[in-house]
Number of protein chains: 2
Amino acid sequence: MEPIRRAALVKATIDEIGQAGSLDVTVAQIARRAGMSSALAHHYFGGKDQIFLAAMRHTLSLYGAEVRGALAMARGPRARTEAIIRAGFNRSNFRSDVIAAWLNFYVLAQSDDQARRLLSVYQRRLHSNLVFNLKPLIGPRAGEAAVRIAGLIDGLYLREALTRGASLGDEPTRQVLTLLDHELKSFGKDTAT
Amino acid sequence: MEPIRRAALVKATIDEIGQAGSLDVTVAQIARRAGMSSALAHHYFGGKDQIFLAAMRHTLSLYGAEVRGALAMARGPRARTEAIIRAGFNRSNFRSDVIAAWLNFYVLAQSDDQARRLLSVYQRRLHSNLVFNLKPLIGPRAGEAAVRIAGLIDGLYLREALTRGASLGDEPTRQVLTLLDHELKSFGKDTAT
DNA sequence: CGTTTTTAATTGACTCGTCAATCAACAAAA
DNA sequence: TTTTGTTGATTGACGAGTCAATTAAAAACG
């Protein structure tokens with residue numbers, strides 16, 4: 001029973017946060033949505049914070065899986081870089097519950113050490129994935145280029161996530177791919193330090 | 001008295017949110033920090049939400065003033081673009097209370113219409129400031145370039161804001177300026193479409 | 001100028017609701 | 001009968017918002 005209940009609670013937590021837009025949801029709401037009493041939620045998770053963290057971990061691990069999946073499909077460094085970029089702007093990342101999870105994750109990361117560590121794991125993974133695939137293309141400039149590409153992914157995701165109604169799909173992806181082209185073309189031009 | 005009290009409450013709200021990292025602060029806490037009773041806070045603002053919105057507006061208007069100030073100092077489109085970029089990474093924007101304000105602002109913008117509108121005003125202002133100054137430099141490509149520059153500003157700000165300890169100052173600025181160089185240099189290269 | 005009336009500022013005490021967490025008790029499987 | 005799953009009821013604390021009552025300032029009046 002335990003794993004089933006835990007999974008149901010995690011799912012319910014994500015849904016509830018998505019609907020509220022914030023972490024301001026009660027254990028009772030979560031438990032009700034998961035079809036059990038609030039006492040049981042406490043029994044399995046110990047407290048509200050732990051439920052939240054489990055839900056965050058779950059959302060992040062889904063994103064990680066997506067990136068890994070996209071990477072597995074692509075052949076060659078250029079295609080793999082593109083795959084990483086496209087994964088970030090997948091439709092699934094713009095479901096309102098996923099958006100809510102990320103934004104509240106950022107808020108939480110200010111004060112909660114576990115959240116910050118979790119976040120930095122995913123940031124580092126994105127960065128090193130980019131560097132690994134950019135290196136064969138542009139060599140030592142891969143590091144800096146990766147910072148820009150990752151930054152642009154984050155920034156455009158944020159804008160897109162907060163602009164209701166105007167989400168026309170792959171415009172952000174196009175923008176990042178254009179940046180990628182810039183980075184590739186300008187390779188070797190001014191190698192001054 | 002009224003304007004003084006309102007200002008004190010706004011200030012106290014920003015400080016309190018900064019310390020908590022979230023909007024999870026009580027009216028009583030805010031009022032105490034502002035040196036008055038919670039009843040008075042309700043008297044002047046009507047409710048918690050309105051206090052929050054006033055605090056957000058205040059933070060955002062400070063940022064707006066900063067950008068305007070930086071713009072006034074700069075001569076020529078290139079320098080003005082640079083000024084906008086530098087303003088975004090000003091030390092003042094990385095005070096913990098300002099970071100907290102922005103992150104919680106994003107969270108609020110998901111569900112609160114006033115917050116979303118306020119946010120989009122500032123996004124549009126940034127965008128049109130960039131376009132206006134990029135146009136003399138790169139013509140019709142200014143629009144797309146502005147999206148990328150603004151996106152990178154947002155993304156790198158986010159990273160920097162959430163990376164405690166590793167804030168070494170002007171690295172994000174450098175990255176965005178490098179992007180700006182890319183955008184300027186690649187003008188006219190592939191004018192396809 | 002002194003007195004009365006009006007208005008603004010201010011609060012302590014209170015209401016009503018909510019919520020996290022606990023626990024004792026019940027059910028059901030092993 | 002021991003372990004696991006489950007809940008209703010309860011507790012203790014806290015918090016937003018209200019209100020009647022108090023003081024202080026200002027305006028109107030004679």
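Lettering of chains follows the sequences in order, A, B, ..., and the numbering in each one begins at 1.
Across all non-hydrogen atoms, the minimal contact from B:Arg159 to A:Ala150 is NH2-CB, 3.8 Å.
The C1' atoms of five pairs define one axis at each end of the helix from C:dC1-D:dG30 to C:dA30-D:dT1, and these two axes lie 10° apart (to 10°).
Residues satisfying the side-chain contact (heavy atoms from CB on, under 4.5 Å) test with B:Leu119, not counting sequence neighbours, are A:Leu162, B:Trp102, B:Phe105, B:Tyr106, B:Ala109, B:Gln123. Not counting sequence neighbours, A:Arg124 has no partner by the salt bridge (Lys or Arg N to Asp or Glu O under 4.0 Å) test. By the salt bridge (Lys or Arg N to Asp or Glu O under 4.0 Å) test, A:Arg95 pairs with A:Asp97, sequence neighbours left out. Residues meeting the salt bridge (Lys or Arg N to Asp or Glu O under 4.0 Å) test with A:Arg6, sequence neighbours left out: A:Glu2. For the salt bridge (Lys or Arg N to Asp or Glu O under 4.0 Å) test, no residue two or more places apart in sequence or in another chain qualifies with A:Lys135.
Geometrically, A:Arg125 engages A:Tyr122 in a cation-pi contact defined by less than 6.0 Å to the ring centre and at most 45° from the axis.
Pairs passing the salt bridge (Lys or Arg N to Asp or Glu O under 4.0 Å) check and including a residue from residues 73-88 of chain B, sequence neighbours excluded, read B:Arg78-B:Glu82, B:Arg78-B:Asp181, B:Glu82-B:Arg86. The list of side-chain hydrogen bond (donor to acceptor under 3.5 Å, both in side chains) pairs with a residue in residues 39-56 of chain B, not counting sequence neighbours, is empty. Note on residues 7-30 of chain A: pairs passing side-chain hydrogen bond (donor to acceptor under 3.5 Å, both in side chains), not counting sequence neighbours, are A:Lys11-A:Asp15, A:Glu16-A:Arg33, A:Gln19-A:Arg33.
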Would you tabulate the nitrogen or oxygen pairs shorter than 3.5 Å linking the protein to nucleotides 27-30 of chain C?
none

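Salt bridge annotation for B:Glu183-B:Arg141: absent, with no cationic side-chain nitrogen under 4.0 angstrom from a carboxylate oxygen.
Side-chain atoms of A:Ser120 come within 3.5 Å of backbone N or O of A:Arg117 as a donor-acceptor pair.
The stretch residues 36-57 of chain A comes close to DNA chain C through A:Ala39, A:His42, A:Gly47, A:Lys48, each having a heavy atom under 4.0 Å from the strand. A heavy-atom distance below 4.0 Å to DNA chain C is reached by these residues of residues 5-18 of chain B, ordered by number: B:Arg5.
In this structure, the CZ atom of B:Arg32 is 12 Å from the P atom of D:dC14, given to the nearest Å. The distance between atom CD1 of B:Ile4 and atom P of D:dA25, rounded to the nearest whole Å, is 13 Å.
Taken to the nearest 0.5 Å, the CE atom of B:Met56 stands 5.0 Å off from the CG atom of B:Leu23.
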